[in-house]
Number of protein chains: 2
Amino acid sequence: MRKTARRSMAETTPKKKRLVESASRLFHRQGVEKTTLANVADDAQVALGNVYYYFKAKDDLVAAVADKRAGGIEDLIARLDTRHDPHERLQGLVQAWVDDRFLDALYGCPVGSLCFELARARGPLSENAARPFKALLGWCEAQFRQLGAGDDADCQALHLVSALQGVSLTAAVFGDPELIEKEAKFIGHWLRSLQVHEV
Amino acid sequence: MRKTARRSMAETTPKKKRLVESASRLFHRQGVEKTTLANVADDAQVALGNVYYYFKAKDDLVAAVADKRAGGIEDLIARLDTRHDPHERLQGLVQAWVDDRFLDALYGCPVGSLCFELARARGPLSENAARPFKALLGWCEAQFRQLGAGDDADCQALHLVSALQGVSLTAAVFGDPELIEKEAKFIGHWLRSLQVHEV
DNA sequence: GTCTATAGTTTGATAGAC
DNA sequence: GTCTATCAAACTATAGAC
């Protein structure tokens, strides 16, 4: 009757989904280039040759993971949009980074690291690499505009997204999740200063 | 008599140095994992088998490039330290990012991307991955302290380094160097606001 | 020091039985 | 749909002539 989360997933979840989830985790920890299809197949408990039934080539699996990342950002945005005011929504975004700080301080932001790896390669996959960033920047800009930022809203959005991406990278370089907490507090002060300016 | 910069380097520079410089450029553009020793040997115009006379293994070449990156940051800091006041020194740091914006918007910050790739692997090379970041953060903290930041100096240093790293990544994802200019202006305003607060 | 040739693995991808 | 077996290419690294 004892079941670990992984085993129960391995037994119940369809193989295609398991492959994407294993790839998602391994791409985060090792990067796309260092992760082999044998790694993914093994982690998902799928025979190596069977991977090609679900994905014609490695790039198709990478594209599926990239879509999952973009969807994750869009889901996060949708959850934040249930909050009442733009200041709380932006603070919620920062809090999402704090929530993930232990994993991100080991392997970086899963979205940033993957999108960067795909964009730098400048192959066919780099087309959609900017999608999560476009969503995030556009959403942040709308929040800052509602805070009364006016023509500065796009600069503030870029600054916020950059700070979050940058601290994920820095924390990963040091392996220290407290850096994310520290930067989150700093950003929190900044956001609060914009709000009181507004009221 | 006509000589391109590359060819003249290929003919006059010692092979070991050429290998490190080719590796440095290729690691920036493709990442360590995607770059093969054949790529490096070809770019440096050195026979593949000869690479192993200078570097026992690929990791030794990677370590040499990592040292070069750390040295580059330390040189930059040394150049900035010739300036008269901490505000000008910090603005000079931001300007260094603007100067490199065209290359960084294609392939990211060479320091950040390499240090992150090495740190994430959590192998023997990740030991020194934090060295350039440690130098940068320590130096920035000293500048902010001289600006009268007090106990906030370390938070401000982390924020500045994060913003620079983050915007390099974001600009690379979009392939847009103007994002670096935009964020540099925003940071410039922030630094100026700290200075007038001081005076 | 420099080169060619190649060993020994690993990798993405395919073939074909079940 | 799933599996085993395997190919062809690419990679790190070595051997050995010069």
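Hydrogens, waters and symmetry mates play no part in the numbers below; they use all other heavy atoms, side chains included. Residue numbers start from 1 in every chain, and the chains themselves are labelled A, B, ... in the order their sequence lines are given, proteins ahead of strands.
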Chain B on DNA chain C: first and last contacting nucleotide, 5' to 3', under 4.0 Å to a heavy atom? dG1(C) to dT4(C)
Below 4.0 angstrom, which residues in residues 48-57 of chain A have at least one non-hydrogen atom near DNA chain D? G49(A), N50(A), Y53(A), Y54(A)
Which salt bridge (charged side-chain N to carboxylate O under 4.0 Å, His left out) pairs, counting each pair once, include a residue from residues 151-171 of chain A, with sequence neighbours left out? D154(A)-K182(B)
Can you confirm whether the side chains of Q146(A) and R89(A) place a donor and an acceptor under 3.5 Å from each other? yes
Bend of the helix from dG1(C)-dC18(D) to dC18(C)-dG1(D) from end-axis comparison, five pairs per end, nearest 10°, comes to 10°
Going from OG on S113(A) to CZ on F116(B), what distance comes out if it is rounded to the nearest 0.5 angstrom? 4.5 Å
Would one find more than 12 heavy atoms of other residues, nucleotides or ligands at under 6.0 Å from atom CD of Q95(A)? yes
If you measure from OG1 on T170(A) to CD on Q165(A), what distance do you get to the nearest 0.5 Å? 11.0 Å
So R120(B) and S126(B), side chain to side chain donor-acceptor pair (under 3.5 Å) or not? Walk me through it. CA-CA 7 Å; R120(B) 178 165 66 172; S126(B) 61; over 6 Å; no
Donor on one side chain, acceptor on other, T35(B) and Q30(B), under 3.5 Å: yes
Check whether the side chains of R101(A) and S168(A) place a donor and an acceptor atom closer than 3.5 Å, and report yes or no. no
Give the rounded distance in Å between these two atoms: CG of L61(B) and C1' of dA13(D). 14 Å
Only pairs at least two apart or in different chains count here, so list each ring-ring contact (aromatic ring centres under 6.0 Å, His included) that has a residue in residues 71-107 of chain B. H28(B)-Y107(B)
Members besides F55(B) in its Ile/Leu/Val/Met/Phe/Trp/Tyr cluster (side-chain heavy atoms under 4.5 Å): L19(B), V20(B), L26(B), F27(B), V32(B), L37(B), V40(B), V46(B), L48(B), V51(B), Y52(B), Y53(B), Y54(B), L61(B), V62(B), V65(B), L114(B), L118(B), L125(B)
